Chemist: 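Sharing a structure below in structure tokens format, with a few things to ask.
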Amino acid sequence: MKEGNRALSLYTLLVFIFLLGPLAIISVTSFEPGTILKFPPEGFSLRWYKNIFEVSMFMETFKTSVIVSMLGNLLALLLGVPAAYALSRFSFRGRDTLNALFLSPVLIPGIVLGFTLLRYLIVVYGLPIYAGLLIGHTVIMLPFIIRVIASSLANFDFAVEEAAQSLGAGRLYTFYKIVLPNIRSGIMAAILIAFLESFNNVDISVFMTGPGVSTLPIQMLTYVQNYFDPTIAAISVILMVLTAALMFIIERLMGFAYFTKR
Amino acid sequence: MALLSLEQVSVAYDNHFILEDFNLQLEKGQLLSLLGPSGCGKTTTLRLIAGFLNAEQGKFMFSGQDYTHVPVNKRNFGFVFQSYALFPHMSVYDNVAFGLRLRKLKEAEVKKRVLRMLDIVSLNDFEKRLPQSLSGGQRQRVAIARALVIEPDLLLFDEPLSNLDANLRVNMRVEIRRIQQELGITTVYVSHDQEECFSISDQVAVMNQGKIEQLDHPAAIFKYPASEYVARFIGFGNFISFENRNDEGEDIELSTKGFNFQAVKRLNGAGNKGLLGAIRPDDLQLLVNVVDSKLVSNTLPGTVQVSTYLGRSYQYEVETELGTFTVNQEMEEPFRQGQRVTVYFPKEKLVLVQ
């Protein structure tokens, strides 16, 4: 028994090294004072962190990424909250089909989705790139918004809603005063998860960016094609820290158990 | 005129009628129970009255007005749910105040009424508590207070006690009856528990497959079920199909396979219709002597097949020429398995159903 436990501990440790090792290496190399990314680093310097803020493209694309993710998030919420509500609250013909349809952007390879959006939104309908980017990101966020809010609504006893109505409340009033306050943490988690999904997205954005409009991950991709200095490692570290902070908040709000059930 | 009436109402779901040409009347101040197994349409009827469901056909009249298309939030009916359905994010006080605030009452008036209602349901010091910190019985009382505080024209209960444990159930049903009578509020109560319905109701409607089988005072239903279905549902475990019936004498004369029976004639024919005899296990008697049943009416010779101990009495399964009968009998020395006995059917307990 003791033997088995030790073997299991070792195995777990190896898995963790496999998962976290690359992240640790990137983190360490980001402090390299020299101009070439290497491991182990030859000293300690914050030079490349400073460089991020000096390259204007990083700052601009960061701004674009944040705006697109936030606006797209808002649009996805406007579409997703009513959809999640309808899917949880009512049983109707075609509900399962609709459910599958809403989740389909997760199942289709991002490249296919991105190319299709480019082919139609930009080429056929001639939408501006910025609008295309926004729509693309709304589409990839929608499944996460619907999924998380629907799972939050699954725990909601809709008799509570009927109780409010029997006491004289209209449908909309009931939704705002009774339903929303009870799924608030679910909505917060949905926003954060969708934001991460959108902010880190490459495969859709790569089709939806063009002259003058780009997102941070795309800019990073372009950068590593041309430069091999540790700036990219420094950005990665900052993004990792931000992501970890968001995940921590989500965990606090709902717990990860929320997403693994069902 | 009746306060509430459903006229020829039909409700369908997936092309299947749950209620069809359904009629129901209720007088002001009365408590009516809808009793039946799950799927009999009792909850559908209640939700229709509440306004959560719409009738495809028919009319719902309330207090002389057509309520068929009045939306749920304009009906001013109180509804108490099986799951209590308290607002989880609101305190007991805010839960009860919800309906009053929607009616735009001044906060001082709201407070006065909420506190008075919490007093009626004995929850005086619980205003600030959240629902999750209350016991089941307390939650149910908050739910009742919340439904009552709006001074509803009608109070509706959907299996309100089925999530409580047995002792609390009995206490709460007495409580519900007390409050209902104190406030004189017309009430429709849905349950599958016959004891619960009989104990608190002025009227009981026994439902089956979207129809009312019998609507009467609890005692009348208990003694004189009108149909085989009602008889079975309320515990008449024994049945005899008769071949002949003669109503000319003082008692009703019945016979089948050479055995003769008598049943008492009752005023207005309660429990006197049809050719199927029904009797409760408690009302049958077992006699030790074997008599000639062809000569002595209301008796049947039989053999004890199974004997089980129920605490207060023994229960026997007795096999006879007319089938197996279940008999409950209090006694010191129980009958043995295989013992020959005579089953006696007291004529005043024998009920005839259709």
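Residue numbers start from 1 in every chain, and the chains themselves are labelled A, B, ... in the order their sequence lines are given, proteins ahead of strands. Source: prediction; values computed, not measured.
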Chemist: B:Arg101 versus chain A, heavy atoms under 4.5 Å apart: side chain, backbone, both or neither?
Modeler: neither
Chemist: Side chain from CB out, backbone as N, CA, C, O: work out which of these in B:Phe77 comes under 4.5 Å of a heavy atom of chain A, or both, or neither.
Modeler: backbone
Chemist: May I have the step-by-step check of side-chain contact (heavy atoms from CB on, under 4.5 Å) for B:Leu35 and B:Lys42, ending in yes or no?
Modeler: CA-CA 7 Å; B:Leu35 173 65; B:Lys42 57 189 194 301; 6.0 Å; no
Chemist: Does A:Val148 offer a backbone N or O that forms a donor-acceptor pair with the side chain of A:Ser151 under 3.5 Å?
Modeler: yes
Chemist: Using a strict threshold of under 4.0 Å (side-chain N to carboxylate O), is an ion pair present between B:Arg178 and B:Glu175?
Modeler: yes
Chemist: So which residue, B:Met90, B:Gln82, B:Arg103, ends up with the most heavy-atom pairs under 4.5 Å with chain A?
Modeler: B:Arg103
Chemist: Does the side chain of B:Phe60 reach to within under 4.5 Å of the side chain of B:Leu48, using non-hydrogen atoms?
Modeler: no
Chemist: Count the heavy atoms of every other residue, nucleotide or ligand shown that sit under 6.0 Å from OH of B:Tyr13, and state whether that count exceeds 12.
Modeler: no
Chemist: Contact part of B:Leu156 toward chain A, heavy-atom cut-off under 4.5 Å: side chain, backbone, both or neither?
Modeler: neither
Chemist: Tell me, for A:Tyr173 versus chain B, whether the close heavy atoms (under 4.5 Å) come from the side chain, the backbone, both or neither.
Modeler: side chain
Chemist: Check each atom of B:Phe81 against the heavy atoms of chain A and say whether the ones under 4.5 Å are side chain, backbone, both or neither.
Modeler: side chain
Chemist: Can you tell me which portion of B:Arg146 sits under 4.5 Å from chain A's heavy atoms? Options are side chain, backbone, both or neither.
Modeler: both
Chemist: Do any N or O atoms from the side chain of A:Asn73 and from the backbone of A:Ile191 form a donor-acceptor pair under 3.5 angstrom?
Modeler: yes
